[in-house]
Structure formats: C-alpha cells, structure tokens
Amino acid sequence: MKKLFPKKQRPNKKLLLAGAGHAHIGLLRRLARKRLDNLQEVEVSVITEHPQTIYSGMLPGWMASHYKRSEISIDIAALCRRAGVTLIQRPIIAVDADTQTVITVKNAKDVKNAKDERFDYELLSLNTGADTDMTWLNTDGLVNEDLIDKDLADKNLKNTVIPVRPIFNFVEQWQQILKQAEQVSDYKVAVVGAGAAATELVMAAQFALQQINPSHQAYLVCGEQLLSGFDAGFRSRVIKQLQRRNIEIIYERAKGLAGGKLATSKQTLAADATIAATGVMGSAWAAQTNLETVDKGFIAVNDKQQSTSHDNVFAVGDVASRVDREMAHSGVHAVFGGKVEADNLLAYLVGDKLKSYRPKNRTLYLLACGDKYAIGSWGNFSAQGCWIWYLKRYIDKRFVNAK
C-alpha cells in the first residue's frame with residue numbers, strides 16, 4: 001500500500017467527501033450536531049452533483065404514490081450549512097489519487113465539452129454510489145449504449161432502457177412513464193432484474209400503473225432464478241406476492257431492445273418502457289482513476305474501508321468492494337459500514353488506530369410489495385403483512401428525517 005505521509009506527521013488539512021451517500025450523510029449529521037475536535041483545523045468539503053439525495057429505500061414507495069418526493073429526499077445543501085461544510089455542486093468525472101485531486105466539470109449536461117475543475121485533498125472519502133450494470137444490453141450485438149438515454153423528456157420510451165441508477169435520473173424518467181401511461185389504454189412496463197430491487201420495483205410499477213388503468217401491466221424478466229441470495233422461505237413469499245398482483249415472471253435472460261420489443265433468450269416481448277434493475281457496476285468516473293479497482297470498476301478497499309492502493313483514500317457503499325471477503329452491495333452495509341468509515345476518517349486525521357467493519361451474520365431485510373404491504377426476513381426467519389410495511393416506513397422515515 002502506498003504510504004503518502006509518515007504517521008503523526010500527515011499534513012491533513014483538507015478532508016474531501018466525494019458523493020452524498022448514506023455514510024457521508026451520517027458524518028455530516030454528526031458535524032451538524034457538534035463540531036468534532038479532530039476537525040477543528042480541517043477544511044471539510046462535499047462534492048455532489050445534486051443538492052438533494054434521494055433515499056433509495058423509499059423509492060418504490062414513492063413510485064406507488066405512498067410518499068411525496070420531498071418525503072424521500074435529504075437536503076444536502078441545508079445539511080452542509082448546518083455542519084459548516086462547503087458544498088461543491090459538480091459532477092465528478094475522475095479521481096487522480098497520485099496527485100490527490102478530484103476532477104469535476106461545471107456543466108453536467110455537456111461533460112465532453114465542459115472545462116474541468118480540480119479540487120485537491122489530503123484525505124478523501126468516496127461515497128458516490130454506483131451505476132446500474134447495463135452490460136447485458138450488448139449481448140449478441142442486439143443493441144448498443146445509445147439506447148441508454150439519460151434525457152428522456154418528451155421522448156418515446158419504447159426504444160430506450162431506463163437504468164434505476166443513478167436514482168436522480170430514474171426519478172425524472174418514472175414521471176415520464178406515468179405521463180405516457182395516462183395517454184393510452186394499454187401500457188406495458190418490463191422490469192429486468194433478479195434481485196430484491198427488481199421485485200420491489202415491479203410491484204411498485206404494477207400498483208401505480210393499475211391506479212391509472214387496470215389494463216396496464218408490469219412484468220418481470222429475471223433470468224433462470226429469482227432472489228438467489230435469499231432464504232427459500234422468503235423467496236417463496238415474494239413469488240406469491242408477485243402472483244397475487246398478477247405480475248408475470250419470465251424466467252429468461254433479457255438480451256436487448258429494439259422497436260419496442262424486449263428480446264429474451266427465447267422470445268420477444270412488447271414493452272412500452274423497460275426498466276433495468278440489473279445489479280450495479282462502478283460509477284462512470286471510476287474508469288478514470290488510478291485507485292485500484294476490482295470486479296466491474298469498484299474501488300478496492302480493505303476491512304477498514306480504506307483503499308488498497310492509497311491509504312489516504314476511503315470508500316464505502318456501492319462504489320466500493322471489499323477485497324478480504326465477499327459482501328453484497330446493499331443499503332445495510334452502506335449504513336453500518338459508513339459508521340465505521342466515518343470513525344476511521346476522524347482517526348486517520350490524528351494517526352489513531354483504525355477500526356474494522358465486521359458485518360453481522362444476520363441482517364433485517366424489508367421488501368415492499370407495491371401496496372402498503374411488505375415482507376421481512378431475519379436470517380432464516382421471514383414474515384409478511386401490513387405491519388411489516390409500517391415498520392419499514394418507520395425505519396425509513398427515521399433515517400431520512402434524522403438531524
């Protein structure tokens with residue numbers, strides 16, 4: 001590992017928080033409550049493209065109109081003001097860890113032609129999230145990346161795949177789906193994915209579409225197996241809820257999109273809109289960094305959430321991948337790993353010993369089912385009902401509204 005500064009002599013005067021995910025939100029809230037001694041002489045800045053963060057755990061509830069957009073948003077600009085932290089509203093396009101620089105641009109809509117801006121740091125924390133894995137789109141050359149269009153306003157959605165991440169873009173695009181669904185008598189939405197996110201999204205989509213017109217339909221294309229990483233009892237409960245909502249489950253691999261048809265390994269399906277919830281891959285900026293990366297562009301970190309190549313860089317959440325153990329990209333690890341990572345940032349500033357993040361063997365998982373109904377799992381135990389949905393709402397709102 002590259003040692004940039006000797007212990008106890010590190011000139012850490014600039015702490016740069018890149019991204020506004022769960023971990024950074026937690027640290028900013030700590031600073032808003034009390035300025036920490038470790039940071040009295042440290043300049044702290046946050047770089048993020050949007051002044052608000054949309055909480056992913058409440059996204060399906062918002063899709064189903066159970067929440068207003070304001071209820072699932074965290075005001076990063078206001079939080080930075082309360083914490084005494086500088087907000088830099090820019091999209092990140094690269095990280096040069098050798099020169100200790102984060103590269104951004106002023107004009108997010110014209111990244112290719114915009115002049116870059118550089119921000120230096122002594123200590124960097126990465127919590128930018130990740131992008132939806134869209135590599136399946138290129139299978140057999142059926143389609144290409146031109147079909148991943150981030151600006152879908154007033155466009156026909158039949159020939160475009162809508163990735164769930166970045167979430168801010170998806171929120172705008174879901175509103176376009178509803179607008180188009182209101183104008184026709186038969187509208188079909190395909191959700192591609194095999195994980196918990198895909199099942200939540202397809203049930204939220206079905207609920208919302210059928211509020212517009214009972215003839216509208218959402219269906220799920222999940223490949224050979226659905227929810228493979230979950231207990232069989234939990235998986236059975238979810239499948240029964242999909243069936244209860246008349247959501248067709250297509251156990252075939254999605255291969256591409258053309259002419260309003262979603263091609264699978266066995267057939268073509270009509271789709272007025274196609275949503276991809278196909279796991280995550282590294283953010284676009286991760287292709288432009290000299291930090292060590294693994295798998296599909298994730299920042300390689302150790303058990304302390306510290307970069308394996310540059311010890312003054314930490315990363316947590318979907319942007320990072322542990323090299324010492326296999327660990328799923330999930331909100332649970334983003335929250336609990338984020339607390340450890342925040343402690344380690346403060347410890348690093350004064351040369352104290354760093355902590356390790358050791359995930360619990362069992363974690364609580366709550367999956368919303370479109371209406372105000374949810375399924376919960378804890379290890380091999382699972383349960384379902386309206387009360388689970390209200391428990392999920394309580395936990396989610398407590399996180400969003402925390403001070």
Side-chain angles (χ1 to χ4, degrees), residues 56-57 59-60 130-140 142-143 161-165 188-206 217-257 261-271 274-281 295-296 298 318 321-322 325-333 359 361-370 373-384 388:
S56 60
L59 181 67
D131 292 340
T132 301
D133 184 353
M134 304 293 282
T135 54
W136 60 273
L137 270 175
N138 292 320
T139 302
D140 295 336
L142 287 174
V143 292
V161 177
I162 303 170
V164 173
R165 295 176 183 273
K188 290 182 172 58
V189 172
V191 177
V192 181
T199 58
E200 279 195 299
L201 288 170
V202 76
M203 285 192 274
Q206 178 81 331
Q217 184 70 35
Y219 60 89
L220 180 65
V221 180
C222 65
E224 289 80 9
Q225 190 172 9
L226 181 63
L227 298 170
S228 60
F230 287 86
D231 172 75
F234 178 79
R235 186 164 59 247
S236 176
R237 289 179 185 272
V238 174
I239 291 172
K240 287 179 181 178
Q241 290 304 308
L242 289 165
Q243 293 169 342
R244 181 172 76 84
R245 285 156 178 76
N246 297 316
I247 296 170
E248 185 178 4
I249 308 170
I250 299 171
Y251 291 96
E252 300 167 13
R253 288 189 175 274
K255 300 182 70 176
L257 186 70
K261 298 286 186 179
L262 175 62
T264 74
S265 52
K266 296 181 180 179
Q267 60 182 313
T268 56
L269 306 163
T274 301
I275 296 171
T278 43
V280 293
M281 62 188 300
D295 302 327
K296 297 179 180 179
F298 301 109
D318 283 345
S321 186
R322 287 272 290 269
R325 63 180 298 166
E326 186 175 347
M327 198 163 69
H329 292 269
S330 73
V332 171
H333 296 312
N361 292 329
R362 294 186 297 176
T363 56
L364 178 65
Y365 197 93
L366 304 175
L367 187 146
C369 298
Y373 194 93
I375 304 170
S377 73
W378 174 261
N380 294 329
F381 172 79
S382 62
Q384 64 190 67
I388 301 273

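- Nearest heavy atoms, Ala190 versus Ala271: CB-CB, 4.2 Å.
- Inter-residue side-chain proximity for Met203 and Leu367 is flagged as met; some heavy-atom pair is nearer than 4.5 Å.
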Determine all donor-acceptor pairs shorter than 3.5 Å in which one atom belongs to a side chain in residues 375-384; sequence neighbours excluded.
residue, atom, partner, partner atom, Å
Ser382, OG, Arg237, NE, 2.8
Gln384, OE1, Arg237, NH1, 3.0
Gln384, NE2, Tyr373, OH, 2.9

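- Shown here for Asp295 and Phe298, the closest heavy-atom pair between the two residues is CB-CD1, 3.8 Å.
- The two residues Met134 and Ala276 have their closest heavy-atom pair at SD-CB, 3.7 Å.
- Atom CD of Gln206 sits about 7.0 Å away from atom CG of Asn246, to the nearest 0.5 Å.
- Judged by distance alone, with hydrogens and angles left aside, the side-chain atoms of Arg235 form a donor-acceptor pair with the main-chain N or O of Leu227 at under 3.5 Å.
- Atom OH in Tyr365 sits 5.0 Å away from atom CZ in Phe230 (nearest 0.5 Å).
- To the nearest 0.5 Å, atom CD1 of residue Ile247 and atom CD of residue Gln241 are 9.5 Å apart.
- Counting heavy atoms from C-beta outward, Leu220 and Leu226 have side chains that approach closer than 4.5 Å.
- Listed for the Thr199 side chain is a donor-acceptor partner under 3.5 Å among the backbone atoms of Ala196.
- Nearest heavy-atom pair across Ile239 and Tyr251 is CD1-OH, 3.9 Å.
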For this session: Evaluate side-chain contact (heavy atoms from CB on, under 4.5 Å) for Leu262 paired with Leu257, printing each intermediate quantity in order.
Result: CA-CA 5 Å; Leu262 175 62; Leu257 186 70; 4.2 Å; yes
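- With Val202 as reference, Leu242 is the one residue of Val192, Leu242, Val221 to meet the side-chain contact (heavy atoms from CB on, under 4.5 Å) rule.
- For the pair Pro359 and Arg325, the tightest heavy-atom approach, listed with the atom from each and the gap, is CD-NH1, 3.3 Å.
- Counting heavy-atom neighbours within 6.0 Å of Arg253 CZ, excluding the residue itself, gives a total of 12 or less.
- A distance of 4.5 Å separates CG of Leu269 from CD1 of Ile250, quoted to the nearest 0.5 Å.
- Between Ala277 and Leu201, the shortest heavy-atom distance links the atoms CB-CD1, 3.7 Å.
- Heavy-atom contacts from other residues, nucleotides or ligands closer than 6.0 Å to CD of Glu326 number 12 or fewer.
- Side chain of Ser265 to backbone of Glu252: no donor-acceptor contact under 3.5 angstrom is found.
- Thr268 contributes no side-chain N or O that, together with a main-chain N or O of Ala263, makes up a donor-acceptor pair within less than 3.5 Å.
- To the nearest 0.5 Å, the span separating CZ on Arg165 from OG1 on Thr132 amounts to 7.0 Å.
- Between Lys296 and Ser321 the shortest side-chain heavy-atom distance does not fall below 4.5 Å.
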